[in-house]
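It should be emphasised that the depicted structure is a prediction, and the values quoted were computed from it without experimental measurement. Note that ligands are numbered from 1 as they come in the structure, with each ligand's atoms numbered from 1 the same way. No hydrogens, no waters, no symmetry mates; every other heavy atom, side chains included, goes into these values.
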Amino acid sequence: MLEQGWREGERAGVRFAYTEPSPGRYPWQWYWDSCFAAIAWRHFDPARSRAELETLLGAAEPDGFIGHTIFWERPVSWKRFLFYNVRSRGDFMTRTIQPPVLAYAWRLAVGDPAEVPAIAAHHDWVERERDLEGDGLLWVIQPDETGLDASPQFDPVWGRRAHGLPLFPLLVRRNRRLGFDIRRVREAGGPILCGAMTNVLHGLSRLALGRESITPALVERLWDERAGLFRDEAWPQVSGHVPVTWAALSPLALPDLPGAIGRRIVEEHLLDESRFWLPVPPSSVAADEPAFSPSKDTFLGLRRYWRGPTWINSAWLLWAGLLRLGYEEKARELVDRIAPVVEREGLREYYDPYSGRGMGARDFAWSALVVDMVLGEPPSLELS
Ligand code: GLC
């Protein structure tokens with residue numbers, strides 16, 4: 001299935017080779033999908049892991065910026081132009097980011113990212129442009145920059161302009177006018193968001209590069225001691241209830257998360273059968289949230305992702321956390337529940353957390369991360 005999505009060619013003298021997230025449905029290169037695909041390729045064809053990540057680097061601008069979607073073979077379609085974060089239809093890539101997981105993927109699949117100046121330059125760009133307060137934590141300008149597009153945790157922040165709602169194109173249009181520049185978006189009143197999951201992947205990349213950990217800053221700013229989970233911070237602050245999603249548990253993937261915090265996340269939330277530990281865990285939204293929608297993900301014909309079903313990249317990250325904290329039996333249970341579902345349904349974009357029915361796109365590349373789980377090879381970093 002991975003093979004079917006593999007694309008190679010040349011554009012303006014630059015060679016490219018990458019895995020389409022899903023042939024047909026997602027025909028371009030997506031930043032974090034490529035990172036996950038590269039991690040999966042290492043089991044089958046390590047040369048492809050390297051080529052996939054080098055293709056992201058091949059798209060980088062001189063200052064290190066790499067967009068969220070890269071249009072190697074053809075420009076964005078007219079229809080998608082309405083809600084894709086490009087300045088003009090001819091743009092080679094979007095002006096927004098996805099979670100900066102490149103250095104981490106390189107470390108897991110290829111080698112030492114600190115030896116590759118272009119990787120360091122890319123992560124420097126991310127920090128220069130998105131660490132708005134100098135504490136190491138990154139901010140985003142749109143829900144889709146987190147990779148968790150229509151997750152209900154963003155509804156209170158972006159309201160009717162949240163991703164997957166009819167007014168989302170207005171948010172894109174407004175940010176397009178502001179050059180997708182986060183400082184200008186902030187000056188214009190926001191909203192902007194400091195998200196836990198984005199910062200987990202950013203933190204993993206920093207560790208992979210041998211840079212100082214941001215875990216203490218993440219705990220300091222986003223850990224909710226009373227609730228025992230992490231919360232995103234929005235500016236301006238939101239009032240009202242923010243649904244709890246798997247992103248609140250995602251710091252489990254950090255190798256230096258204090259054990260006491262990790263155990264609270266696991267015992268009070270992840271393993272709770274009325275919240276995340278459903279028959280095919282972990283659901284992308286806690287099952288006791290009113291917004292939890294396990295088997296339906298469209299609204300007025302618009303696709304609304306991350307509102308209940310289980311995604312394999314999140315399962316993979318939380319599984320690594322379970323293993324690190326010594327919950328071997330539960331980690332095994334997770335694999336025993338997920339692997340047969342993927343085998344039966346194929347590589348789907350996400351799965352019904354009760355029945356395991358495959359949903360969304362087909363031949364979805366990053367679901368191949370299940371291979372790590374089956375082989376018992378968690379993504380782990382040696383901490384120096
Ligand atoms: C959806 C997902 C996003 C992913 C993209 C391509 O938009 O929410 O995370 O990168 O599809 O697979």
The atoms of ligand 1 lying under 4.0 Å from a heavy atom of Trp32, numbered in the order shown, are 3 (C), 4 (C), 9 (O), 10 (O)
- Message: Looking only at the aromatic ring of each residue, does the gap between the centers of His122 and Tyr31 stay below 6.0 angstrom?
- Response: yes
>> Below 4.0 Å from ligand 1: does a non-hydrogen atom of Tyr31 turn up there or not?
In response: no
Under 4.0 Å from one or more heavy atoms of Phe364, ligand 1 contributes atoms 12 (O)
Taking only non-hydrogen atoms of Pro21 and a 4.0 Å limit, the atoms of ligand 1 in range are 12 (O)
re atom 8 (O) of ligand 1, the protein heavy-atom contact at minimum distance is Trp306 NE1, 2.9 Å
Next on the checklist: When you measure from the centre of the six-membered ring of Trp6, is the NZ or CZ of Arg48 closer than 6.0 Å and no more than 45° off the axis?
Outcome noted: yes
- Determine whether more than 12 heavy atoms belonging to other residues, nucleotides or ligands lie under 6.0 Å from atom CZ of Arg362. no
So the atoms of ligand 1 within less than 4.0 Å of a heavy atom of Trp30 turn out to be 5 (C), 6 (C), 10 (O)
*Output field: ring centroids Trp72/Phe92 closer than 6.0 Å*: yes
Salt bridge (Lys or Arg N to Asp or Glu O under 4.0 Å) test vs Asp155 passes for just one of Arg304, Arg161, Arg160, namely Arg304
Report yes if Gln98 has an N/O atom closer than 3.5 Å to an N/O atom of ligand 1; otherwise report no. yes
*asked:* So for ligand 1, is Trp311 a polar contact partner (N or O within less than 3.5 Å, distance only)?
replied: no
Among Asp149, Leu148, Asp144, the residue with a heavy atom nearest to atom 1 (C) of ligand 1 is Asp149
Atom 3 (C) of ligand 1 has as its nearest protein heavy atom Gly147 O, 3.6 Å
Notebook entry, point to check: Between His163 and Phe168, what is the ring plane arrangement, given parallel below 30°, perpendicular above 60°, and tilted in between?
Noted result: tilted
Original post:
Heavy-atom count around Glu268 CD within 6.0 Å, excluding the residue itself: above 12?
Top reply: yes
for atom 12 (O) of ligand 1, nearest protein heavy atom and its distance come out as Asp33 OD2, 2.7 Å
For Asp224 and Arg231, the nearest pair of non-hydrogen atoms, with its separation, is OD2-NE, 2.7 Å
